[in-house]
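Right, one structure below, let's go through it.
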2 protein chains.
Amino acid sequence: MAKGYIDLQHNGKAEIIKQSFIFSGLGRDELFELANLAIERSFRAGEFIFWEGDAPDLFYIVAEGQVKALKHSSSGKEFIIAFFGPAEIFGEVAVFENKPYPASSQAVTDTRVLAIEVKDFLSFLASHPQVALRIINILGGRLREAQSRLRDFAGERVEQRLARTLLMLSSKLGPTLPFTRQEIADMAGTTTETAIRFMSRLKDGGIIRSVRGKTIILDENKLKLLSEGPSQV
Amino acid sequence: MAKGYIDLQHNGKAEIIKQSFIFSGLGRDELFELANLAIERSFRAGEFIFWEGDAPDLFYIVAEGQVKALKHSSSGKEFIIAFFGPAEIFGEVAVFENKPYPASSQAVTDTRVLAIEVKDFLSFLASHPQVALRIINILGGRLREAQSRLRDFAGERVEQRLARTLLMLSSKLGPTLPFTRQEIADMAGTTTETAIRFMSRLKDGGIIRSVRGKTIILDENKLKLLSEGPSQV
DNA sequence: GTTATACCATGATTTAAATCATATAAGCGG
DNA sequence: CCGCTTATATGATTTAAATCATGGTATAAC
């Protein structure tokens with residue numbers, strides 16, 4: 001096989017790996033080392049990458065597309081933990097504890113991911129402590145946000161939860177949010193109808209504009225006021 | 001100061017540090033190095049160790065007593081994220097991101113803690129990668145549990161949430177739980193009255209026995225059945 | 001181009017849990 | 001030992017959000 005061809009393939013994976021926060025400080029040789037370990041996989045929109053409860057044998061990075069992590073209640077109701085875009089790691093909670101994946105991961109759009117065998121990844125980590133520190137940073141951020149959402153679910157009304165969900169999504173993705181009302185409802189822990197009513201009020205108030213399956217936030221400051229809870233006069 | 005006296009003091013701190021999961025693999029010299037860095041502080045029951053939003057300058061380990069991490073809703077309602085007992089680290093979410101503490105920490109009982117300056121701790125981490133891997137393990141476990149609770153809050157009824165809260169506490173502390181109905185309610189995201197009604201039903205059903213401020217779980221299997229959600233006939 | 005499905009929308013009704021009210025008992029502090 | 005505070009308990013009422021029902025439109029699939 002022509003060397004040029006191999007290098008191109010490796011260069012593609014290395015480029016994605018380099019964009020990932022936890023690896024962005026690595027040198028060229030280390031990036032290629034990881035690229036050698038990484039397998040690329042493709043999934044159609046709607047396909048599951050792994051299921052909650054599966055054995056955690058692979059560590060994942062999104063190369064292209066969008067992935068959501070989700071759990072189900074005892075009655076089958078879907079709850080969306082997070083969305084992941086290009087260069088983001090996912091499935092990481094299970095991997096370091098050697099316990100089953102705590103959530104399922106599903107491709108929202110047609111998606112390509114890089115997968116690294118856990119044993120290979122842990123070996124790599126052992127000799128690259130700066131990557132471990134980056135992972136601590138990522139996990140800390142995710143734990144901070146999870147705690148914030150827990151507090152919201154325990155003690156805030158549904159419209160605050162919805163407003164905060166929109167703000168969190170826009171801080172991550174920008175003002176254009178590619179989500180249906182049902183997906184927004186599943187992240188905020190409410191029903192589709194409740195999310196529809198709330199979003200309609202935002203449209204009427206000039207806070208958002210939306211077309212089917214996509215929401216554009218026009219007035220983030222008003223949304224922030226809504227997220228702060230009932231006004232205390 | 002007599003050397004024997006210094007060693008006794010160091011040995012006390014080193015002993016606590018050694019019991020902490022993240023440090024349990026360290027050698028004697030490393031434990032003493034950390035003990036040198038650690039400051040001991042005492043708090044009376046009810047005192048706050050730090051507040052949500054404070055700058056994250058210290059990393060903490062419980063030496064003796066019990067600490068709770070808590071947040072407040074926009075209406076001031078208290079939500080308990082977790083309890084920490086001897087040898088457990090806390091305040092760690094903020095420290096690795098250099099962002100404010102996301103929750104307050106309060107001594108539940110009279111409590112002694114060890115505090116390490118963040119800059120000293122990060123230096124220590126940089127040269128002890130096995131500690132970083134342990135921290136990843138701890139953060140992963142906490143994130144897994146936070147995601148599970150998020151799913152519960154979003155989609156389960158209050159009695160499932162209460163039953164799961166009791167099961168989670170007992171898996172950590174054993175069958176005797178030193179919590180009031182209000183503390184259990186604050187962890188499960190409900191009101192004190194709702195928790196009281198639920199616990200009274202458990203008493204009537206022979207599942208628990210309780211005395212003021214303390215609950216003993218008698219039948220964990222029945223509690224598990226209750227936690228599984230409404231029976232689907 | 002047509003049909004089916006998914007998404008958005010609105011209204012009416014139900015319900016789980018919160019809220020409010022009140023009472024009793026246990027434990028702590030002086 | 002007494003008084004006060006906190007914790008547990010029960011009942012009635014309210015309410016926020018879920019549920020159910022129905023309809024319209026846009027988009028995708030055939």
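Below, each value reflects all heavy atoms present in this structure, side chains not excepted, and no hydrogens, waters or symmetry copies. Here is the naming used below: chain letters follow the sequence lines, and residue numbers restart at 1 for every chain.
- Rounded to whole angstrom, the span from the CZ atom of F198(A) across to the C1' atom of dC7(C) amounts to 19 Å.
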side-chain contact (heavy atoms from CB on, under 4.5 Å) between L177(A) and I208(A): does it pass, once the steps are laid out?
CA-CA 11 Å; L177(A) 307 180; I208(A) 64 166; over 6 Å; no
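- Checking the phosphate oxygens (OP1, OP2) of dA18(C), a side-chain nitrogen or oxygen of T194(B) falls inside 4.0 Å.
- Within residues 161-169 of chain A, no residue approaches DNA chain C, by heavy-atom distance under 4.0 Å.
- Side-chain N or O atoms of E183(A) include one that pairs as donor or acceptor with a backbone N or O of T180(A) at under 3.5 Å.
- The six-membered or imidazole ring of Y60(A) lies away from that of F84(A), with a centre-to-centre distance of 6.0 Å or more.
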Verify side-chain contact (heavy atoms from CB on, under 4.5 Å) between T165(B) and R149(B), making sure each step is shown before the conclusion.
CA-CA 9 Å; T165(B) 297; R149(B) 289 174 76 193; 5.7 Å; no
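- Among the atoms of the strands shown, only primed sugar atoms or phosphate atoms (P, OP1, OP2) are found under 4.0 Å from some heavy atom of K203(A).
- Rounded to a whole Å, the CZ atom of R201(B) is 17 Å from the P atom of dT8(D).
- Classification of E220(A) and K224(A) as a salt-bridged pair holds, one side-chain N sitting under 4.0 Å from a carboxylate O.
- One axis for each end of the helix from dG1(C)-dC30(D) to dG30(C)-dC1(D), each built from five base pairs, and the angle between them comes to 60° at 10° resolution.
- Atom CE of M199(B) and atom P of dT10(D) are 13 Å apart (whole Å).
- Taking every heavy atom of residues 173-193 of chain A and every atom of DNA chain C, pairs under 4.0 Å involve T180(A), R181(A), E193(A), by number.
- Listed nucleotides: dG11(D), dA17(C), dT10(C). Nearest to the side chain of R197(B): dG11(D).
- In this entry the distance linking CZ of F153(B) with C1' of dA18(C) reads 15 Å, nearest Å.
- Note on S210(B): every side-chain N or O is 4.0 Å or more away from OP1 and OP2 of dT8(D).
- A distance-only check finds a donor-acceptor pair linking the side chain of K71(B) to the backbone of P102(B) [under 3.5 Å].
- Atom NZ of K172(B) has more than 12 heavy atoms from other residues, nucleotides or ligands within 6.0 Å.
- Of the side-chain N and O atoms in K214(A), none sit less than 4.0 angstrom from OP1 or OP2 of dC7(C).
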When you look at D152(A) and Q160(A), which way does the side-chain contact (heavy atoms from CB on, under 4.5 Å) test go after all the steps?
CA-CA 8 Å; D152(A) 288 349; Q160(A) 276 71 66; over 6 Å; no
What's the verdict on side-chain contact (heavy atoms from CB on, under 4.5 Å) for V113(A) and F90(A), showing C-alpha distance, side-chain angles and the deciding distance?
CA-CA 10 Å; V113(A) 303; F90(A) 67 99; 4.0 Å; yes
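- The side chain of I196(B) lies closest to dA9(D), out of dA9(D), dT27(D), dA9(C).
- Counting heavy-atom neighbours within 6.0 Å of K77(A) NZ, excluding the residue itself, gives a total above 12.
- One interatomic measurement links the two molecules: CZ of R212(A) to C1' of dT25(D), which rounds to 8 Å at whole-angstrom precision.
- Counting only heavy atoms from C-beta outward, the side chains of Q182(B) and E78(B) never approach each other to under 4.5 Å.
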